[in-house]
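Reminder, nothing fancy here: chain letters follow the sequence lines and each chain counts from 1.
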Number of protein chains: 2
Amino acid sequence: MSNKIRRSMPLFPMGTVMKLTELSARQIRYYEEHQLIRPERTEGNRRLFSLYDIDRLLEVKDLLDEGINMAGVKKILLQEENKEVHSNVKEAAGKDKKDFTNEEVRKLLRKELINAGRFHRDDLPPGERYRYFH
Amino acid sequence: MSNKIRRSMPLFPMGTVMKLTELSARQIRYYEEHQLIRPERTEGNRRLFSLYDIDRLLEVKDLLDEGINMAGVKKILLQEENKEVHSNVKEAAGKDKKDFTNEEVRKLLRKELINAGRFHRDDLPPGERYRYFH
DNA sequence: AATTCATGTAATAAAACCTAACATAGGTTT
DNA sequence: AAACCTATGTTAGGTTTTATTACATGAATT
């Protein structure tokens with residue numbers, strides 16, 4: 001019923017993520033090298049990031065800004081991830097889960113997120129309205 | 001407090017929008033030609049679509065699927081847009097609005113949407129979890 | 001039959017992205 | 001201090017994706 005974006009859906013290209021996170025492409029690729037994110041790829045091998053990935057990148061950035069090095073960041077984030085894996089597994093175990101294909105997920109996304117938001121234009125920053133209704 | 005995406009923010013490239021809407025690039029450009037969407041452009045002139053645009057495209061698609069032609073679609077959607085303009089103007093008038101730069105909007109987005117969602121990994125479709133925690 | 005509409009397709013150019021390699025400023029270790 | 005490591009910058013060469021423009025087409029309309 002909400003129009004939240006499915007956080008795991010690969011949607012954003014490098015350029016968008018760079019702007020959103022204020023990280024360089026080099027940094028983003030470096031963090032991927034260290035397994036802190038695992039963006040999907042298009043058929044043509046271009047990265048597609050999810051909101052998860054963006055969250056992750058912002059966390060990495062914060063931790064590095066605090067003076068923690070990559071080893072520390074990895075420890076912290078990967079241990080967090082493990083907690084989530086466990087809770088997810090537990091949750092899934094009790095849920096008689098179904099496997100969705102990418103295509104199915106896209107359809108879900110369309111219905112659940114995007115359609116839900118149609119005609120609900122109430123979350124714009126005031127100054128932005130005029131860019132769409134000049 | 002929510003992690004809704006700011007619906008006017010230009011984020012998505014053509015390829016993503018094609019998958020999400022199941023429209024061809026030709027169709028999307030054609031609808032833009034008819035002013036039904038007005039996606040932003042990158043410095044390099046590539047389109048960047050917002051959730052608004054995606055909404056719009058899905059509406060166009062639906063209406064066309066119902067057998068309505070472009071003239072009708074335009075009438076319907078542009079009149080709807082006008083209603084919104086009016087309500088937005090009224091709203092804005094009473095609100096002592098501020099004009100945000102793109103950069104400011106990005107910062108707001110980061111804080112308001114993305115950070116709000118950190119560590120809230122509870123909206124995944126069951127089958128998708130394993131793509132991130134293998 | 002001629003025209004219009006909505007879309008497909010092809011050609012060409014440029015933007016954005018990829019990988020890989022080398023460069024480097026600041027710490028760290030020997 | 002010399003050598004090393006870390007996190008990031010930069011550059012080069014290649015590929016993918018997107019842009020524009022032009023022409024093509026089947027279905028509907030005139």
Enquirer: Step by step, work out the side-chain contact (heavy atoms from CB on, under 4.5 Å) result for B:Tyr31 and B:Leu23.
Expert: CA-CA 11 Å; B:Tyr31 305 151; B:Leu23 293 167; 4.0 Å; yes
Enquirer: Suppose we define a pair by two distances each less than 3.5 Å, Watson-Crick or G-U wobble; what does C:dC18 pair with here?
Expert: D:dG13
Enquirer: Should the pair A:Arg7-A:Asp55 be classified as a salt bridge under the 4.0 Å nitrogen-to-oxygen rule?
Expert: yes
Enquirer: Side-chain N or O of A:Tyr31 versus OP1/OP2 of D:dT8: is the shortest distance under 4.0 Å?
Expert: yes
Enquirer: Please report, rounded to the nearest Å, how far the C1' atom of C:dA15 is from the CG atom of B:Leu48.
Expert: 12 Å
Enquirer: Which one, D:dA7, D:dT17, C:dC18, comes nearest to the side chain of A:Thr42?
Expert: D:dT17
Enquirer: CD of B:Glu43 versus C1' of D:dA19: gap in Å, rounded?
Expert: 16 Å
Enquirer: Ignoring the backbone of B:Arg46, work out which of C:dG8, D:dA19, D:dA7 is nearest its side chain.
Expert: D:dA19
Enquirer: Side-chain contact, heavy-atom cut-off 4.5 Å: B:Leu36 with B:Glu59?
Expert: no
Enquirer: How many Å lie between CG on A:Leu36 and P on D:dA7, as a whole number?
Expert: 10 Å
Enquirer: Does D:dT18 have OP1 or OP2 sitting under 4.0 Å from an N or O in the side chain of B:Arg47?
Expert: no
Enquirer: Does OP1 or OP2 of D:dA7 have a side-chain N or O of A:Tyr30 closer than 4.0 Å?
Expert: yes
Enquirer: Rounded to whole angstroms, how far apart are CD on B:Glu40 and P on D:dA19?
Expert: 14 Å
Enquirer: Can you tell me if A:Asn45 touches the phosphate of D:dT16, counting only side-chain N or O atoms and a distance under 4.0 Å to OP1 or OP2?
Expert: no
Enquirer: Separation of A:Ile28 atom CD1 from D:dG9 atom P, in whole Å?
Expert: 11 Å
Enquirer: Under 4.0 Å between any heavy atoms, over every strand shown, what does B:Arg29 touch: base, sugar-phosphate, or nothing? Just pick one.
Expert: base
Enquirer: Whole Å only: how far is the CZ atom of B:Arg41 from the P atom of D:dT17?
Expert: 19 Å
Enquirer: Of all the choices, C:dG8, D:dT8, D:dT18, which nucleotide is nearest to the side chain of B:Gln27 once you look at every atom?
Expert: C:dG8
Enquirer: To the nearest Å, give me how far apart CD (A:Glu33) and C1' (C:dA21) are.
Expert: 12 Å
Enquirer: Looking only at non-hydrogen atoms, find the nearest pair between A:Pro10 and A:Leu48 and report the distance.
Expert: CB-O, 3.7 Å
Enquirer: Return the nearest nucleotide to the side chain of B:Arg26; candidates are D:dA19, D:dC23, C:dA6.
Expert: D:dC23
Enquirer: Is any side-chain N of the basic residue among B:Glu40 and A:Lys19 closer than 4.0 Å to the acidic one's carboxylate O?
Expert: no
Enquirer: CG of A:Leu64 versus P of C:dG26: gap in Å, rounded?
Expert: 17 Å
